[in-house]
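Below you'll find the structure, written out as C-alpha cells, and then a few comments.
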Amino acid sequence: MNKYSTKLAVLMLAATLGTASLPLAAQPANAALAPITSQDLQGAINELSRLGIIHGYQDGSMRMQNDITRAELAKLVALTFGLEGPPALPAHITDTLPSHWSFPYAAALASLDIMQAEDGRFDPSGSVTNAELVQIVAKALKRDVKSVHYWAEPFFSENDSTTRGEAAFLLDKARHAIPSANAKITHVRALNAITLIVTFDAPLTAENEAFAQAKEDFVFTNGLTLTNMPRLKTGSIATYIVPTSVQQPGATYTLAYKGKDAGSFAGNADKLDMTEVRQVANDTFELEALKANGVVDYGYVISAYSAGRGENAFILDENNRADGVEYQIISSGQAREVTITPEGGQPITAKYVPFTQSTDGKQEPKFRLPEGQVLKPGVTYTVTSDWAQIANPTFVAKEMDPLHIVKAEAASETSIVVTLAEDPGDELFSGRSVELTDAEGNKRTAAYKYSSRKGEAGVFELAQGSKLTAGATYVVTPVGDWAGESKAELTFAP
C-alpha cells in the first residue's frame with residue numbers, strides 16, 4: 001500500500017471508530033475529522049490546473065500521490081499568491097542554476113523568507129512535510145498558522161511528507177483567503193446585543209479592516225454604530241466578528257457596506273453571561289466571564305491574536321461551536337459602559353479600561369469610575385448593564401492600598417519604564433499617566449503604553465512631541481492617586 005493509500009485508510013478508520021483512534025496531531029479542534037478523498041484532491045488539482053498554477057508531467061499525468069518537491073512547491077506557492085515577480089533582494093541560491101525552471105520561484109520565496117535557503121542551499125529535489133507546508137502557506141498568505149493548520153486537518157500528520165494532491169488541496173483552500181479590496185458582504189446576523197457575525201466573499205485588506213476606514217465603510221440605520229474594527233475568525237475564510245453599539249431588541253437594522261446595501265438583521269436581545277463583579281482598585285472593578293460557562297473573549301478566537309494567546313486560542317466553527325459547546329462571544333470592549341450604583345445613592349457610569357478585556361488568560365474586562373471618584377469602603381455597589389447579565393452583580397467596597405512607584409528609568413528620549421514595589425498581577429497600569437518634573441519645574445506627561453507591562457514594570461510614553469533632555473533629572477509622580485504619593489527620580493543619560 002502506498003503512502004497516500006495508507007494515510008487515507010487511517011483517516012477512513014478514524015471516521016468509523018472516532019477521532020480518539022488518531023494520533024494527537026491529526027485530531028481536529030472542533031468536530032469529527034472528515035476524511036479526505038481522492039476526489040477532493042483531484043478536484044483541487046483540476047481547479048489549480050484551470051488557473052494555470054499546476055501543470056502535469058510530459059506524459060500528461062498529475063501524479064497527485066507523489067511527494068511534492070521543494071522546487072514544485074515553490075512554483076505552486078508563487079503562482080497561487082502572485083509572488084513570482086523578481087525579488088527586490090534576490091536570495092543567494094547555490095544549488096539551483098539560474099537557468100533552471102524553478103530558480104525564479106525559489107529565489108522569490110527564499111528572499112521573502114517564505115521558504116529557506118540556508119547557506120545558499122534550497123534543496124530543490126527535497127520533500128516537504130505537512131508541518132512545513134502549513135508554515136510556508138501561512139507565511140505566503142500572511143495568515144495565522146492556526147487557521148492554515150485547520151484547513152490542512154483532513155490530511156495533516158506532523159512529519160508525513162506532502163503529496164502533490166495534498167499541496168494542491170491546501171493551496172486551493174488558501175487562495176480563497178487572499179484579501180480583496182473589493183470584498184462584498186454575503187451574510188450578516190446579530191450574535192448578541194453587541195456583536196454581529198458578518199461573512200464576506202473574500203477577506204478584507206488590512207486597510208479595510210482598520211477602524212478608521214471600517215467606520216466609514218460600515219453604515220447602519222437606527223443609530224447603531226461600529227465600535228471597533230472587524231476581526232477575522234480563526235479558521236474561517238472570510239467571516240468576521242464585528243462589534244457594535246448596543247442593539248435594541250425588536251429593532252430592524254439595515255447595513256450598507258461601502259455605500260451598497262448588505263442586508264438587514266433584527267436586533268439581538270441576548271446579553272452576555274458574566275459571573276461576578278470584583279473590585280481591583282479604589283476606582284476600578286472588573287466583570288468576570290468563564291469559558292467553562294460557554295463564554296469566550298473574542299481575543300481567543302480571532303486570527304489576529306491566535307499566536308499570542310498560545311494554548312488559550314482555539315477555533316469555533318460556523319455555528320460558534322467547539323468540542324460540542326456553543327459559545328457566546330464577547331466582542332471588543334472599546335466604548336463599552338456599565339452602570340454602578342451605590343446603595344442609597346445615584347447611578348454612576350463607569351467606562352471600559354482599554355486592553356484589560358482579557359489578560360493573563362482570563363476574561364475580566366475592567367471598568368473605571370470617572371476621574372476623581374473612588375469607591376467608598378463599606379458601601380455596597382450594584383453593577384448593571386444593557387449588554388451583560390451578571391449573576392452576582394454586587395460587592396462591598398473596601399479600602400485598597402494604591403500602587404507604589406519605586407523606580408523610573410529612561411528607555412529612550414520619548415519613553416520611560418516605571419517599576420512598582422510588587423507585581424500587580426494584572427493590567428492596573430492601564431489608563432494611567434505619570435508626570436515628570438525637572439529641576440526648573442518644567443513638566444512633561446507620559447501615558448502607559450497598553451500591554452507593555454512585564455511583571456511590576458510598565459512602559460510610559462511621553463506626550464507626542466515631548467522629549468527628555470540629555471543630562472536632566474526628573475521626579476516622576478503619578479497623575480491622580482493611583483500610586484498615592486509615591487515617586488521616583490531618573491536622570492536621562494543617552
query: Run the ring pair (Phe, Tyr, Trp, His ring centres under 6.0 Å) check on Tyr448 and Phe460 step by step: do they pass?
result: CA-CA 4 Å; Tyr448 174 64; Phe460 285 68; 5.6 Å; yes
field: Salt-bridge present (Glu72, Arg70; N to O < 4.0 Å)
entry: no
message: Treating Gln363 as the side-chain partner and Val295 as the backbone partner, does any N or O pair qualify as donor plus acceptor under 3.5 Å?
response: yes
- prompt: Under 3.5 Å, is there a donor-acceptor pair between the side chain of Thr80 and the main chain of Leu76?
  reply: yes
query: Taking C-beta and beyond as the side chain, do Val383 and Thr339 meet within less than 4.5 Å on heavy atoms?
result: no
message: I'd like to know if Arg63 pairs up with Asp67 as an ion pair, taking the criterion as any Lys NZ or Arg NE/NH1/NH2 lying under 4.0 Å from an Asp or Glu carboxylate oxygen.
response: no
message: Is it the case that the side chain of Thr129 and the backbone of Asn159 share a donor-acceptor pair, with hydrogens and angles ignored and the cut-off at 3.5 Å?
response: no
query: Within a radius of less than 6.0 Å around CG of Asn319, do more than 12 heavy atoms belonging to other residues, nucleotides or ligands occur?
result: yes
- prompt: Could you give all pairs that pass the side chain to side chain donor-acceptor pair (under 3.5 Å) test and reach residues 383-392, with sequence neighbours left out?
  reply: Ser385-Trp387
- prompt: With side chains defined as the heavy atoms from C-beta onward, is the minimum distance between Thr359 and Phe355 less than 4.5 Å?
  reply: no
- request: Identify the heavy atoms of Ala71 and Ser102 that sit nearest to each other, and give their distance.
  value: CB-CB, 3.7 Å
task: Would you sort out whether Thr186 and Thr199 count as a side-chain hydrogen bond (donor to acceptor under 3.5 Å, both in side chains), showing the intermediate values?
output: CA-CA 6 Å; Thr186 59; Thr199 300; 5.1 Å; no
Cationic N near anionic O, under 4.0 Å, Arg278 to Glu364: yes
- request: Could you go through the ring pair (Phe, Tyr, Trp, His ring centres under 6.0 Å) check for Phe211 and Phe218 one step at a time?
  value: CA-CA 10 Å; Phe211 187 34; Phe218 285 81; over 10 Å; no
task: Evaluate whether atom NZ of Lys139 has more than 12 neighbouring non-hydrogen atoms of other residues, nucleotides or ligands under 6.0 angstrom away.
output: yes
- prompt: What closest approach, in Å, do Glu286 and Asp426 show between heavy atoms, and which atom pair accounts for it?
  reply: OE1-OD2, 3.9 Å
Atom NZ of Lys258: over 12 foreign heavy atoms under 6.0 Å: yes
- request: Verify the neighbour count for atom NZ of Lys173: are there more than 12 heavy atoms of other residues, nucleotides or ligands below 6.0 Å?
  value: no
task: Could you check whether the rings of Phe285 and Phe367 sit parallel, tilted or perpendicular, using 30° and 60° as the cut-offs?
output: parallel
query: Hey, are Thr195 and Ser331 close enough side-chain-wise for a donor-acceptor pair under 3.5 Å?
result: yes
message: Ignoring hydrogens, what is the shortest heavy-atom contact between Ala117 and Ala110? Give both atom names and the distance.
response: CB-CB, 4.1 Å
- prompt: What's the shortest heavy-atom distance between Ala238 and Ala202, and which atoms?
  reply: CB-C, 3.5 Å
field: Exam field: side chain Asn228 to backbone Ser332, donor-acceptor pair closer than 3.5 Å
entry: no
- line: All heavy atoms of Asn192 vs all of Asp270, minimum pair found to be CB-O, 3.5 Å
task: State whether the side chain of Lys291 and the backbone N or O of Lys362 hold a donor-acceptor pair below 3.5 Å, judged by distance alone.
output: no
field: Heavy atoms from other residues, nucleotides or ligands near CZ of Arg121 exceed 12 (cutoff 6.0 Å)
entry: no
message: I'd like to know if the side chain of Asp95 reaches the main chain of Asp123, judged simply by a donor and an acceptor atom lying under 3.5 Å from each other, with no hydrogens or angles considered.
response: yes
- request: Give a yes or no answer on whether the side chain of Tyr240 reaches the backbone of Pro203 with a donor-acceptor pair at less than 3.5 Å.
  value: no
Donor-acceptor contact present, side-chain Glu166 to main-chain Thr163, <3.5 Å: yes
task: Give the C-alpha distance, both sets of side-chain angles, the deciding distance and a yes or no for ring pair (Phe, Tyr, Trp, His ring centres under 6.0 Å) between Tyr450 and Phe429.
output: CA-CA 8 Å; Tyr450 291 114; Phe429 273 135; over 10 Å; no
message: I need the full list of ring-ring contact (aromatic ring centres under 6.0 Å, His included) pairs touching residues 294-313, with sequence neighbours left out, sorted by first then second residue.
response: none
- request: Indicate the atoms forming the closest heavy-atom contact of Lys75 with Trp101, along with that distance.
  value: CD-CZ3, 3.8 Å
message: Please evaluate residues Ser303 and Ser306 with respect to the criterion side-chain hydrogen bond (donor to acceptor under 3.5 Å, both in side chains), reporting the C-alpha separation (whole Å), side-chain torsions for both, the decisive distance (0.1 Å), and the verdict.
response: CA-CA 5 Å; Ser303 175; Ser306 69; 5.3 Å; no
